[in-house]
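One structure below.
Start at 1 and go down the list; that is how both ligands and their atoms are numbered. Just so you know, these numbers come straight off a predicted model, no measurement behind them. For reference, positions follow the sequence shown, starting with 1.
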Amino acid sequence: MRNKGLEIIQGFILMEMNNEWGKIYKDLGAKPVINATGSVTLLGGSTPVKEVREAMELGDSSYVVLADLEKYAGRRIADLLSVPAAYITSGAGSALTLASAAFMTGHKDENIEKLPNTDGMPNEILIQKRQRYWYDRCMEFSGARLIDVGDEYKTSVSDFEKLISEKTAAIHYPVYEQNPTDENVLSLEIVIDIAKKHDIPLSVDSAGQIYPLENLGKYVRMGADFQCVAAKYMGAPHSTGFALGTEDIISKIAKNSFIGYETNRIRGIGRPHKIDRQEIIGVVTAVERWMTLNHEERLSSFEYMTNKIIKGINNKNGINTQKIDNIMGHQPFGLLVDIDQNISMINNEILVEKLKDESPSIWTRINEGDSKICIHVFGLEKGQEEIVSETINRIMKQNLR
Ligand SMILES: *Cc1c(COP(=O)(O)O)cnc(C)c1O
């Protein structure tokens, strides 16, 4: 029998000997971690791919008029994704803030300069109460007010129509196509109809809808005025994203942006949402790569790593694994882990903490509203999947009843 324990130690020693791993962080006193959670901001979100890093380095070679660069980069992305217009931002969260500002200010310079004071502007963004989510806060930074539509159980068309007024700036709709459909929220199609009927802009958070490829721009093609995308999920820097939309909304976003502030001398709220010229090049390169990438290969490597962790975990130690069979969105595959406390003295929460305390530290998490540990392979380097399963085995073995 192969000595797995020895192998893992050898693997770990190799990683440590190649003491580049995390050294730059260790030198500062910060602890490098193995990211088995996925693309989470908490741990740094993403690692730009080689093509992106190389293109970004070429961006150093000269300065450029940023307003022009944004215009041409936006045009390239819009063409690639078959939408009228696009604008690169410092993350999808920034796109949400800037779009919220744009819905309220229109093209009016004096309004742009007034935010987050919204006097005299429509400032209400409607969202179904059941759809309230972590990132809706990004919309409020503009000064907009989020207004709940319906209750925690369901929403009707008349719930929307009761709240629509001259104060309504937009309707917002987050999409998570990888999740089971919630029958108790109004569908995007119905909400688009409401927005069109009342001539209200529709905003879609599609930050994670990067696969299937048709979802990039699909919501705008369906009739939304704006959708955001997080480029952190596509091999671009963690700090980047983009807005897709109509010419009208994208031009208003540009005016509210940090470049609008500097180029047009309009002091809008976008000034702190700064992005490098190298990052703009990085996003264009990431989108070009993404649209020509062999996604079957990408998905099969995610599945391979997932299977390897599942096979590597010894379920005799009181631990059950369940493969996540999803290829949509930003985190394909992965697994759920659940401890049988008849066999083990520890529970899921304790295992998460023990994994963090290991050396190297391994980060996993229990998603909100769930009880099982969720492991994603998005942030794992080749070989780290074995460290994950072997470390779990060792901890479990030490804690048998
Ligand atoms: C990550 C994410 C955001 C925020 O995107 P950033 O690029 O990190 O600002 C917004 N909405 C959803 C659904 C996301 O997954």
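- Of all the heavy atoms of His330, none lies under 4.0 Å from any atom of ligand 1, so neither backbone nor side chain is involved.
- Geometrically, Arg130 does not engage Tyr153 in a cation-pi contact, judged by NZ or CZ lying under 6.0 Å from the ring centre and within 45° of the ring axis.
- Using modelled atom types and a 3.5 Å distance limit, the side chains of Asn111 and Thr105 yield no donor-acceptor pair.
- When non-hydrogen atoms are compared, ligand 1 lies under 4.0 Å from the side chain of Tyr233 (C-beta onward) but not from its backbone.
- Those atoms of ligand 1 with a heavy atom of Gly93 less than 4.0 angstrom away are 4 (C), 5 (O), 6 (P), 9 (O).
- Considering only non-hydrogen protein atoms, atom 1 (C) of ligand 1 sits nearest to Lys232 NZ, 1.8 Å.
- Ligand 1 places these atoms under 4.0 Å from at least one heavy atom of Gly91: 7 (O), 9 (O).
- Considering Asp151, Asp159, Thr155, Asp148 as possible partners of Gln128, the one that fulfils the side-chain hydrogen bond (donor to acceptor under 3.5 Å, both in side chains) test is Thr155.
- What sits closest to atom 11 (N) of ligand 1 on the protein, heavy atoms only, is Asp205 OD2, 2.8 Å.
- Looking only at heavy atoms of the protein, atom 12 (C) of ligand 1 is closest to Ala207 CB, 3.3 Å.
- What sits closest to atom 7 (O) of ligand 1 on the protein, heavy atoms only, is Ala92 N, 2.7 Å.
- Between Tyr133 and His172, the ring planes lie parallel to each other; the angle is under 30°, not in the 30° to 60° tilted range.
- A salt bridge is absent between Lys197 and Asp193: the closest approach of a Lys/Arg side-chain nitrogen to an acidic carboxylate oxygen does not fall below 4.0 angstrom.
- Within 6.0 Å of the CZ atom in Arg271, the count of heavy atoms belonging to other residues, nucleotides or ligands exceeds 12.
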